[in-house]
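Hydrogens, waters and symmetry mates play no part in the numbers below; they use all other heavy atoms, side chains included.
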Number of protein chains: 2
Amino acid sequence: MAYATRALGALGDPTRRIIFERLAKRPRAVGELARGLPISRPAVSQHLAVLKAAGLVTDRADGARRLYRVDLAAIDAIRAWLDQFWDRTLDAFKAEAESH
Amino acid sequence: MAYATRALGALGDPTRRIIFERLAKRPRAVGELARGLPISRPAVSQHLAVLKAAGLVTDRADGARRLYRVDLAAIDAIRAWLDQFWDRTLDAFKAEAESH
DNA sequence: GGGTTGCGTAAGCCATGCCTTACGGTAAGC
DNA sequence: GCTTACCGTAAGGCATGGCTTACGCAACCC
């Protein structure tokens, strides 16, 4: 749950959402990501550090490169968080309708 | 889809997530929200404006007060966004496994 | 081993964003 | 009508965060 909120904080940045999108298609190295973005490679590296701290991605050494991939557990955590709000909101609607 | 990304941007702030949580339980007025938070009422009003612009909440006049409630459509949009990434990531895993 | 490629971290700059106080405007109560 | 309660917006201060350049280190190539 606090897992999900940290993930949402990380996905609040548009650049990190783009990085997250591209990693969802397939795992990539840092430089490969940077070449497709209008920011420097260290900037990408910093974004990846945030995503990693939020549990959204994992990294793995591949020679001199470092491959990042998305972590499905984080997606599931956010989904569970959302569903909880969905239920609460529906209950609130129902309670309000019955009070009339 | 761009709907979902704007919603994620709005939910990136922890205070807005708290406000969103409380509105999910039941609709509330601005002052009522502010009394339960360590920030001023205008600050809450600004947060609500962001949430509203992101399509996460709707507002309705109630006399001198203004009631805010969460919009279920936004939650659904985010969920659809997440599911899309879930599928992509699964496909990437599968493709990688088959390449071995 | 020298050179190249790939990466993380540090330091610093600068814009963005969140918060405050102050103000004006509308709706309810007496 | 006057006062009170509730709210949105403006203006400004200040911290946070995202970006850059510079540096150091490890892994491949020839």
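Hydrophobic clustering (side-chain heavy atoms under 4.5 Å, transitive across Ile, Leu, Val, Met, Phe, Trp, Tyr) keeps B:V57 apart from B:V50.
Contacts between residues 26-35 of chain A and DNA chain C, defined by a heavy-atom separation under 4.0 Å, are made by A:A29, A:V30, A:G31, A:R35.
One atom, CG of B:L37, and another, C1' of C:dC19, lie 13 Å apart when rounded to the nearest Å. Across the protein-nucleic acid pair, B:R66 atom CZ and D:dG8 atom P stand 6 Å apart, rounded to whole Å. A:Y68 has its OH atom 9 Å from the P atom of C:dC7, to the nearest Å. Remark: C1' of C:dG6 and CG of A:L48 are 13 Å apart, rounded to the nearest angstrom. To the nearest angstrom, P of D:dC6 lies 12 Å from CG of B:L67.
Checked for salt-bridge contact, B:R26 and B:E32 meet the test: a charged N lies under 4.0 Å from a carboxylate O. By the 4.0 Å N-to-carboxylate-O rule, B:D83 lies close enough to A:R79 to be salt-bridged with it.
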Under 4.0 Å protein heavy-atom contacts per nucleotide of nucleotides 25-30 of chain D, with B for base, S for backbone only and - for none
--SS--
Once each nucleotide of nucleotides 9-19 of chain D is scored for protein heavy atoms under 4.0 Å, what B/S/- sequence comes out, 5' to 3'?
BB-------SB
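When every heavy atom of A:G55 is checked against every heavy atom of A:D71, the shortest pair comes out as O-CB, 3.5 Å. The two residues B:A77 and B:A4 come nearest to each other via the heavy atoms O-CB, 3.6 Å. The minimum heavy-atom distance linking B:L56 with B:A74 is given by the pair CD2-CB, 3.6 Å. Residue A:L51 comes nearest to A:A10 through the heavy atom pair CD2-CB, 4.3 Å, listed as atom of the first residue, atom of the second, then distance. The shortest non-hydrogen separation linking A:A7 to A:I78 is CB-CD1, 3.8 Å.
Put simply, the side chain of B:S45 never gets that close to the backbone of B:R41: no donor and acceptor are under 3.5 Å apart. Side-chain atoms of B:R17 come within 3.5 Å of backbone atoms of B:L11 as a donor-acceptor pair (strictly under, hydrogens ignored).
Each of A:R22, A:R65, A:R35, A:R66 was checked for a side chain to side chain contact (heavy atoms under 4.5 Å, CB included) with A:R28, and the lone residue meeting it is A:R22.
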